[in-house]
Amino acid sequence: MKGSLPLVAAVLAAVTLTVHAQTPAPMTPESLVKSAKRAAGDEYAGTFVRICVAPDNEGGPGRGAAGRGAAPPANRAVPDRARWYAKPYKVFDNLYFVGTKIHSSWALTTTDGIVLIDTLFDYAIEPEIVDGLKTLGLDPRRIKYVLISHAHGDHDQGAALLQSRYGAKIVMGAADWDATLQRPASAPGGVPKRDVVIGPEGTKITLGGTTVDVIATPGHTPGTLSYIFPVRDNGRSIVVAYAGGTAFNFPRRAENFAIYRDSQRKFAAAGAAAGATVVMSNHTEFDRAYDRVRIAQLPRATGEKHPYETDTATVQRYFEIGADCAEAQRLSMQ
Ligand SMILES: [Zn+2]
């Protein structure tokens, strides 16, 4: 991340100048998009492209429910396994990747059991999560909590199975529970029973001495949840900021962009307060999870960081992408 230091210095200098001059430049959609592009750099270009260059809701209102990531039709074909199947990997001392090439699912291990974060499409649950945990020497019966970042099929279709088979508690935002419970019983993966409901105030979930700070970040869906939690890298504690919803596939209205923008800022502030130096997302295109989890298997030179570890400034820059792109869209509608 050496390349980012001049940028950080430049941003700090710009902020200092602005404060001294007391005449901040007016924000325009164009200046915000430029600022988001700068914030993304090469590292997070995928996020910038998805929400600033070609946002999913560009076509206008009405695409929300049917946008990318929404639950696919019940009779859809399972995609070719070669396109999505990924092997499971131990990535930190206490965090294991059991996702696909496209979507992430993570097992956070504690002395009292497993917190599973996100659950993939139904076809991937057995091969990736159930078999993946076993391959890694973990017992899926030890899953105590399943955190659903938001109620779209690519992240939540495993919830019902993990609840009914292993007795895991399913944690979801209140509005996303309401949406989930309206699904027909024939929905892919089934429908979980209402379990742990998280309101706008969020909550903290502690298991075996590990606490996950669950933060309500409405925007992508009304009940989107994001997480802050500690992992260990060869015994050293590092804090992760896990973004629960990224794409703009909600109805294209100014107030929705404002909600999204405010959630990004709120989560960035929580990440700063916790000293987060890792960004994770539930789509591998945003945090390059499928590359990073494999790079994490390689031996490291002395002093070389974990491939997921950045620094607190980079984590802040990541959430500026979402805030700036959302604000650019909101301003362009006025
Ligand atoms: Zn989604």
Novice: Would you mind reporting whether Ile215 and Leu225 have side-chain heavy atoms less than 4.5 Å apart?
Specialist: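 A side-chain contact is absent here, since even the closest heavy-atom pair is not under 4.5 Å.
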
Novice: Can you tell me if Arg252 and Gln329 form a side-chain donor-acceptor pair at under 3.5 Å?
Specialist: yes

Novice: Is the Phe97 to Tyr290 ring centre distance short of 6.0 Å?
Specialist: no

Novice: Would you say the rings of Phe250 and Phe257 are close, in the sense that their centroids are separated by under 6.0 Å?
Specialist: yes

Novice: Are the side chains of Tyr44 and Thr314 in touch, meaning some heavy atoms are under 4.5 Å apart?
Specialist: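 Side-chain contact under 4.5 Å: yes.
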
Novice: With distance as the sole criterion, is a donor-acceptor pair present between the side chains of Asp118 and Tyr242 under 3.5 Å?
Specialist: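 Yes, because at least one side-chain N or O of Asp118 sits under 3.5 Å from a partner of the opposite role on Tyr242.
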
Novice: Can you label the angle between the His220 ring and the His150 ring as parallel, tilted or perpendicular, going by 30° and 60°?
Specialist: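 Rings of His220 and His150: perpendicular, over 60°.
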
Novice: State plainly whether the residues Arg288 and Glu43 are in salt-bridge range, i.e. N to O under 4.0 Å.
Specialist: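 Salt bridge flag = yes for Glu43 with Arg288.
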
Novice: Is it possible for you to say whether Val146 and Ile205 belong to one hydrophobic cluster, with membership spreading through side-chain heavy-atom contacts below 4.5 Å?
Specialist: no

Novice: Under 4.0 Å between a side-chain nitrogen and a carboxylate oxygen: does that hold for Glu126 and Arg81?
Specialist: no

Novice: Is the backbone N or O of His103 less than 3.5 Å from a side-chain atom of His283, with the two atoms forming a donor-acceptor pair by type?
Specialist: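 Judged by distance alone, no pair lies under 3.5 Å.
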
Novice: Are Tyr89 and Val231 joined in one hydrophobic group, where the rule is that I, L, V, M, F, W and Y side chains link up if heavy atoms are under 4.5 Å apart?
Specialist: yes

Novice: Quick one: do the Tyr96 and Thr109 side chains pair a donor with an acceptor below 3.5 Å?
Specialist: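 There is no such pair (donor and acceptor under 3.5 Å, judged by atom type) between the side chains of Tyr96 and Thr109.
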
Novice: Just do the side chain to side chain contact (heavy atoms under 4.5 Å, CB included) check on Thr100 and Leu120 with the steps written out, would you?
Specialist: CA-CA 8 Å; Thr100 69; Leu120 315 173; 4.2 Å; yes

Novice: Does Asp42, at its CG atom, have more than 12 non-hydrogen atoms belonging to other residues, nucleotides or ligands within less than 6.0 Å?
Specialist: no

Novice: Could you give the distance from CD1 (Ile198) to CG (Leu147), rounded to the nearest 0.5 Å?
Specialist: 8.5 Å

Novice: State whether the side chain of Gln157 and the backbone N or O of His152 hold a donor-acceptor pair below 3.5 Å, judged by distance alone.
Specialist: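 No; zero donor-acceptor contacts below 3.5 Å.
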
Novice: Measure the shortest side-chain to side-chain distance between Ile117 and Ser105 over non-hydrogen atoms and say whether it is less than 4.5 angstrom.
Specialist: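 No; the side chains remain at least 4.5 Å from each other.
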
Novice: Does a side-chain heavy-atom distance below 4.5 Å link Tyr85 with Glu128?
Specialist: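 With C-beta onward as the side chain, the pair touches.
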
Novice: Under 6.0 Å between the ring centres of Phe248 and Tyr260?
Specialist: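 Ring-ring flag for Phe248/Tyr260: true, centres closer than 6.0 Å.
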
Novice: Is there a side-chain contact between Leu108 and Trp106 (heavy atoms, below 4.5 Å)?
Specialist: no

Novice: More than 12 non-hydrogen atoms from neighbouring residues, nucleotides or ligands closer than 6.0 Å to CE on Met333, yes or no?
Specialist: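 For Met333, atom CE is crowded (more than 12 foreign heavy atoms under 6.0 Å).
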
Novice: Strictly below 4.0 Å, N to O, side chains only: are Asp324 and Arg317 in salt-bridge contact?
Specialist: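 No, Asp324 and Arg317 are not salt-bridged.
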
Novice: Looking only at side-chain N and O atoms, does Asn282 offer a donor or acceptor that is under 3.5 Å from a partner on Ser149?
Specialist: yes

Novice: What do you reckon, is NZ of Lys144 surrounded by more than 12 foreign heavy atoms closer than 6.0 Å?
Specialist: yes

Novice: In terms of side-chain geometry, is the basic nitrogen of Arg236 or Glu309 positioned less than 4.0 Å from the acidic oxygen of its partner?
Specialist: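 Counted as a salt bridge, because a side-chain N and a carboxylate O are separated by less than 4.0 Å.
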
Novice: So is Arg141 actually on top of Tyr166's ring, under 6.0 Å and inside 45° of the axis?
Specialist: no

Novice: Does Lys101 pair with Asp291 as a salt bridge, N-O distance under 4.0 Å?
Specialist: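 Not counted as a salt bridge, because no side-chain N and carboxylate O are separated by less than 4.0 Å.
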
Novice: Are any side-chain N or O atoms of Asp287 and backbone N or O atoms of Met280, one a donor and one an acceptor, separated by less than 3.5 Å?
Specialist: no

Novice: Has the side chain of Trp177 got a donor or acceptor atom that lies under 3.5 Å from a matching backbone atom of Val196?
Specialist: yes

Novice: Verify the ring-centre separation between Phe92 and His306: is it less than 6.0 angstrom?
Specialist: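 Centroid distance His306-Phe92: below 6.0 Å, so yes.
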
Novice: Take Lys87 and Asp131, measure what salt bridge (charged side-chain N to carboxylate O under 4.0 Å, His left out) needs, and give me the verdict at the end.
Specialist: CA-CA 10 Å; Lys87 287 200 297 184; Asp131 295 346; over 6 Å; no

Novice: Hydrophobic clustering (ILVMFWY, side-chain heavy atoms < 4.5 Å, transitive) - are Val91 and Leu136 grouped together?
Specialist: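 No, because Leu136 and Val91 fall into different hydrophobic clusters, even though each may have its own neighbours under 4.5 Å.
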
Novice: Backbone N or O of Asn234 within a donor-acceptor pair of the Asp93 side chain at under 3.5 Å?
Specialist: yes

Novice: Might you work through the side chain to side chain contact (heavy atoms under 4.5 Å, CB included) test for Leu162 and Leu116, ending with a clear yes or no?
Specialist: CA-CA 10 Å; Leu162 298 172; Leu116 193 89; 3.5 Å; yes

Novice: Got more than 12 heavy atoms from elsewhere within 6.0 Å of NZ, Lys169?
Specialist: no

Novice: Within the structure provided, determine whether Val171 and Ile148 are in side-chain contact (heavy-atom separation under 4.5 Å).
Specialist: no

Novice: Do Thr119 and Ile125 come within less than 4.5 Å of each other through their side chains, counting heavy atoms only?
Specialist: no

Novice: Are Trp84 and Phe121 near enough that their ring centres are under 6.0 Å apart?
Specialist: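 Not under 6.0 Å, so no.
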
Novice: Determine yes or no for a side-chain-to-main-chain donor-acceptor pair under 3.5 angstrom, with Thr310 supplying the side chain and Thr277 the backbone.
Specialist: yes

Novice: Between the side chain of Thr110 and the main-chain N/O of Thr210, is any donor-acceptor distance below 3.5 Å?
Specialist: no

Novice: Quick one: do Tyr227 and Ile238 end up in the same hydrophobic cluster if we chain Ile, Leu, Val, Met, Phe, Trp and Tyr together by side-chain heavy atoms under 4.5 Å apart?
Specialist: yes

Novice: Can you find a pair of side-chain heavy atoms, one from Pro218 and one from Thr224, that are under 4.5 Å apart?
Specialist: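 Pro218 vs Thr224: side chains apart.
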
Novice: Just by modelled atom types, is the Ile259 backbone N or O under 3.5 Å from a matching donor or acceptor in the Ser263 side chain?
Specialist: yes

Novice: Is the backbone N or O of Asn249 less than 3.5 Å from a side-chain atom of Asp56, with the two atoms forming a donor-acceptor pair by type?
Specialist: no

Novice: Go through it in stages, so that I can follow the logic: the residues are Asp178 and Arg194, the test is side chain to side chain contact (heavy atoms under 4.5 Å, CB included), and I'd like the CA-CA distance, side-chain angles, deciding distance and then a yes or no.
Specialist: CA-CA 9 Å; Asp178 292 343; Arg194 194 188 289 272; 3.2 Å; yes

Novice: Kindly indicate, with the supporting measurements, whether the criterion side chain to side chain contact (heavy atoms under 4.5 Å, CB included) is fulfilled by Glu327 and Arg330.
Specialist: CA-CA 5 Å; Glu327 180 65 358; Arg330 193 188 68 81; 2.9 Å; yes

Novice: Are any side-chain N or O atoms of Thr111 and backbone N or O atoms of Gly208, one a donor and one an acceptor, separated by less than 3.5 Å?
Specialist: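 Flag set: sc Thr111 to bb Gly208 pair under 3.5 Å.
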
